[in-house]
Amino acid sequence: MIQYDKELNESQYEAVFFQDGPCLVIAGAGSGKTRALVYRVARMVEDGVPPNNILLLTFTRRSAQEMLNRAGQLIDHELSDVSGGTFHATANACLRRYSHAIGLPPNFVILDQADMESAISQFKPSMPKESKVRLPKTRTVVQIVSKCRNLSLNLHDVLKKEFPQFFPVLDQLETIYDQYARYKRDSGLLDYDDLLVMFKQMLEENEAVRSELSQRFRYIMVDEYQDTNLLQAAIVKQLSSVHNNVLVVGDDSQSIYSFRGATFKNIMNFPQEFPGAKVIKLEQNYRSSQPILNLTNQIISSAQTKYTKCLYTTRKTGARPALVECRTENDQSQFVVRRIQELKAQGLALSEMAVLFRAGFHSFDLEVTLDSQAIPFTKYGGFKFVESAHIKDIVSFLRILENSSDALSLNRVLLMLDKVGPKKSRDMINFASEEGRTWRQLKDFPAKGATREGLLKLVEALETAANPGQSLPDTLDSLMTFYGPVLEERYDDFPKRYREIEQLKTIMTRYRSLEHFLADITLDPPSSQADLMDRRQNRANLTLSTIHSAKGLEWGAVFIIWAQEGYFPPQKCLDNAESLEEERRLMYVAATRAKDFLFITYPDTSGHSFYGNFGSGPSRFVSRAPRDILDRQDSRGRHL
DNA sequence: TCGCGGTAACTTTTT
DNA sequence: GTTACCGCGA
């Protein structure tokens, strides 16, 4: 039996035993919110709630899985029936299940950001060169389109709010927007935003589906509620419409995803949206020592948040956090490595240490230094394995097999052929999408010479790969008969890429259906290189992570590097009060990951960089902290 | 219409 | 150090 009263504090206990109706748990950093959720799931199952009536919405699938594992251990049996995962993954599952009810092809393909970019770039007209106005970069167009969807606004309003410089090309953007929407519809494609938009629409417009799902998910819990957007809040509302049993957990001080439409207003408005909601605050911090809390309280004190929390701890003593001035970037890397070695010598495991940074590329120099000292690390965030060209190529083949109308993937594949560019590819796709045809009929496409030869080889490889009754790795092997030569011709470093494709093959062995594999690779891609290999191996590693990917985690010792004006906060956020606030919260999230040791470092390099001038000196979020809260050192350990 | 070689511009963060 | 875009020759 679980001894709830001994293992939880009073507020946690209250949340765990909250029964029916809406409830908002405001949980400060390190206050054991995960613990509360885990115990609540366990408690409900013990009380006889069928596990498949529980829905646990989290930020990553990994955190859902971890929570369910822990809950399962508490009650000593597996909780595989609890539905848990991200909003996007849940939307995906439900949309496929009810696709017939809303006229959606059941084998739709999900586009990631890069796919969205290549789709949209097809519709970007080339502007006359003497034209003064220029279209935004493809990447920016994608951002704008995505903002429209996530905020439920039209182009005009989004431009007005965030991109006024592009007003002159509003008309062109409208055209791109419409063409993109039609393209997706015709090709059976859904991007990340469509998953949420269509899920919401389905719930709002289809009474039968709504009540069926709402009855199935009788108890809904949402983690990290401060990082949900309006669509997600509407989905929660619809899903709970029958029973109103919804418990959300969040911390408005840790809201760091507004760039993708998240708003802490969701957490602020929860009591209005769900009248009668109970509000519980978790304020005791179990993670950090008092000296670290002193600094984090200082960082967040000047922020404008509404749910004031007062974090306290019983761990009164500990090392004072340090702000370390380094001469150069490499000096910074050397400092971090020295300290890591010292801490390790004192008995702190590498797995209990992390280096955090604002953007993926900030750790490049450090990675080299760590390699030279043979310190094993695992990096999270930044560039992903599945974003590399050769993996995207492979995925494109597979998507065609799954959904033959996927014009985006077909295009990518056709461009591999010799003498085939955008124009010919378009002709071929048009040919193949005529009534009664698919890519199989490309055999009859009027082409000659090398083009025809290549086309035949491609169709043949696809046909072999499409043979039913093969395992997924077999399918991949068939495709490699065509793609292998392409790879070798295109890339000098093809042996390395071959090896990565082999890794992909290993991942594929875990899947029985192509549909699941494709959904997972886009909705839950491996978050680190080491994620692909043996997980036990990197359990002992040092962690390198973007702050965004470090959400919810904790370590004994934390280093925050590049805490320099211009980098953190980044130059381009400086003129916008709202995004500056978000940067501050980001620093807060980073600093509150630390249990015992916290080092904040910055190189004292000034001004010179390829792109624009930077201010220099330490980040404004920490530079004003008094010395008794934040120690000042140089990279040699001398106090300043 | 494709493919090559030059040059300009550019880098948050993630589902 | 890299990628995206332009103009040219084939």
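Each chain gets a letter, A, B and so on, in the order its sequence line appears, and its residues count up from 1. The model shown is predicted, which means the values in this text are computed figures rather than measured ones.
The side chain to side chain contact (heavy atoms under 4.5 Å, CB included) with A:Met587 is formed by just one residue from the set A:Ile300, A:Ile256, A:Leu356, A:Ile299; it is A:Ile299.
Shown here are the side chain to side chain contact (heavy atoms under 4.5 Å, CB included) partners of A:Leu104, two or more places apart in sequence or in another chain: A:Leu95, A:Ser99, A:Ile102, A:Phe108, A:Leu190, A:Met198. Evaluation of the salt bridge (charged side-chain N to carboxylate O under 4.0 Å, His left out) rule for A:Arg426 yields no partner, not counting sequence neighbours. For A:Tyr98, the ring pair (Phe, Tyr, Trp, His ring centres under 6.0 Å) test picks out no residue, with sequence neighbours left out. With sequence neighbours excluded, no residue forms a salt bridge (charged side-chain N to carboxylate O under 4.0 Å, His left out) with A:Arg260. With sequence neighbours excluded, the residues that form a salt bridge (charged side-chain N to carboxylate O under 4.0 Å, His left out) with A:Glu582 are A:Arg585. A search for salt bridge (charged side-chain N to carboxylate O under 4.0 Å, His left out) contacts involving A:Asp520 returns A:Arg61, not counting sequence neighbours.
Ion pairing between a basic and an acidic side chain is recognised when a charged N comes within 4.0 Å of a carboxylate O; A:Asp223 and A:Lys33 show such pairing. Using a cutoff of 4.0 Å between basic side-chain nitrogens and carboxylate oxygens, A:Asp115 and A:Arg399 are scored as salt-bridged.
Nucleotide B:dT14 holds its C1' atom 12 Å from the CG atom of A:Asp524, rounded to whole Å. Taking atom OH of A:Tyr567 as the reference point, atom P of B:dT11 lies 14 Å away to the nearest angstrom. Atom CG of A:Leu189 is separated from atom P of B:dT15 by 21 Å (rounded to the nearest Å). Spacing between atom CZ of A:Arg585 and atom P of B:dT13 amounts to 18 Å, rounded to whole angstrom units. Counting to the nearest Å, the P atom of B:dT15 and the CG atom of A:Asp223 are 14 Å from each other. Spacing between atom NZ of A:Lys147 and atom C1' of B:dT14 amounts to 13 Å, rounded to whole angstrom units. Separating the CG atom of A:Asp194 from the P atom of B:dT15 is a distance of 18 Å, rounded to the nearest angstrom. Between the CG atom of A:Asp191 and the P atom of B:dT14 there is a distance of 18 Å, given to the nearest Å.
Annotation: proximity of residues 413-427 of chain A to DNA chain B (heavy atom, distance under 4.0 Å) is found for A:Asp418, A:Lys419, A:Val420, A:Gly421, A:Pro422, A:Lys423, A:Lys424, numbered in ascending order.
Stacking between A:Phe259 and B:dT13 is present: the aromatic ring centre lies within less than 5.5 angstrom of the base six-membered ring centre, and the two planes differ by under 30 degrees.
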Legend entry - Secondary structure of DNA chain C in dot-bracket form (Watson-Crick or G-U wobble, distances below 3.5 Å, | marking inter-strand pairs): .|||||||||
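Within the 4.0 angstrom heavy-atom criterion, no nucleotide atom of any strand lies near A:Glu582. Heavy atoms of A:Tyr257 sit under 4.0 angstrom from primed sugar atoms or phosphate atoms, though from no base atom.
Side-chain N/O atoms of A:Thr60 include none lying less than 4.0 angstrom from OP1 or OP2 on B:dT15. A close approach under 4.0 Å does not occur between any side-chain nitrogen or oxygen of A:Ser549 and OP1 or OP2 of B:dT13.
Which of B:dC10, B:dT14, C:dC5 sits closest to the side chain of A:Lys137 comes down to B:dC10.
Rounded to the nearest Å, the gap between the P atom of B:dT13 and that of C:dA4 is 15 Å.
Of the two residues near DNA chain B, A:Thr86 and A:Arg139, the one whose nearest nucleotide lies more 5' is A:Arg139.
Listed by first and then second residue, the salt bridge (charged side-chain N to carboxylate O under 4.0 Å, His left out) pairs involving residues 136-147 of chain A are A:Lys147-A:Glu162 (not counting sequence neighbours).
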